Amino acid sequence: MPQKKPHRLEQINELLQHKFAEIIREEIPLPENALVTVTEVKTSRDLRHAKLGLSIYPEDHTDEIFALICRN
């Protein structure tokens with residue numbers, strides 16, 4: 001049976017999701033008509049690492065927009 005995530009870790013993931021979305025929206029100069037959504041955050045139990053799920057639109061510019069986010 002899979003281990004249930006502690007409620008605290010779920011709260012941290014949700015907070016990070018909102019903060020990363022805010023940073024992307026306010027600090028990164030995205031191309032016009034580009035849409036980036038932080039779909040999920042998975043934080044390690046020791047809080048040292050986090051993985052972000054991103055949705056990038058339009059799909060034909062995904063590589064370019066992802067590279068821009070990584071540079072910033």
Side-chain angles (χ1 to χ4, degrees):
M1 181 175 225
Q3 205 173 21
K4 187 176 175 185
K5 279 195 240 179
H7 181 67
R8 181 81 172 144
L9 191 55
E10 290 176 12
Q11 289 177 321
I12 290 169
N13 287 340
E14 187 174 325
L15 177 64
L16 287 174
Q17 183 176 359
H18 289 288
K19 288 299 181 181
F20 276 109
E22 182 180 323
I23 290 167
I24 290 170
R25 183 178 63 249
E26 295 178 5
E27 302 293 330
I28 298 177
L30 295 173
E32 191 173 319
N33 298 324
L35 177 65
V36 177
T37 305
V38 181
T39 59
E40 68 178 330
V41 175
K42 291 183 180 179
T43 307
S44 64
R45 294 183 80 92
D46 64 2
L47 305 178
R48 289 179 180 235
H49 305 282
K51 291 183 180 181
L52 299 176
L54 298 175
S55 173
I56 300 173
Y57 180 84
E59 289 181 20
D60 56 332
H61 291 9
T62 298
D63 293 337
E64 168 192 334
I65 295 170
F66 184 71
L68 177 66
I69 292 169
C70 289
R71 280 194 306 270
N72 286 281

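As the structure is a computational prediction, the values presented were derived from the model and not from experiment. This chain uses plain numbering: 1 for the first residue, then up along the sequence.
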Hydrophobic cluster identity match, V36 and I23, side-chain contacts under 4.5 Å:
no
Knowing that exactly one of T37, I12, V41 qualifies, which makes a side chain to side chain contact (heavy atoms under 4.5 Å, CB included) with Q17?
V41
Tell me if the CD atom of E59 is crowded by more than 12 foreign heavy atoms within 6.0 Å.
no
Is the number of heavy atoms from other residues, nucleotides or ligands under 6.0 Å of E22 CD greater than 12?
yes
So how far is it from R8 CZ to N13 CG, rounded to the nearest 0.5 Å?
11.5 Å
I'd like to know whether L30 forms a side chain to side chain contact (heavy atoms under 4.5 Å, CB included) with I24, so could you lay out the CA-CA distance, the side-chain angles of the two residues, the decisive distance to 0.1 Å, and finally the verdict.
CA-CA 8 Å; L30 295 173; I24 290 170; 4.1 Å; yes
For D63, the side chain to side chain donor-acceptor pair (under 3.5 Å) test, sequence neighbours excluded, returns none
Taking all atoms of both residues into account, what is the closest heavy-atom pair of P29 and L68, and its distance?
O-CD2, 3.3 Å
Nearest 0.5 Å please: distance from the CG atom of L54 over to the CD1 atom of I69.
5.5 Å
Where is the tightest heavy-atom contact between Y57 and I65, given as atom of each residue plus distance?
O-CD1, 4.3 Å
Is a side-chain N or O of T39 found less than 3.5 angstrom from the main chain of S55, in a donor-acceptor match?
no
At their closest point, which heavy atom of A34 faces which heavy atom of P58, and how far apart are they?
CA-CD, 4.2 Å
If you group Ile, Leu, Val, Met, Phe, Trp and Tyr by side-chain heavy-atom gaps below 4.5 Å, do V38 and L47 land in one group?
yes
In this structure, CD1 of I56 is separated from NE2 of H61 (nearest 0.5 Å) by 12.0 Å
To the nearest 0.5 Å, atom CD of E10 lies from atom CG of L15 at 13.5 Å
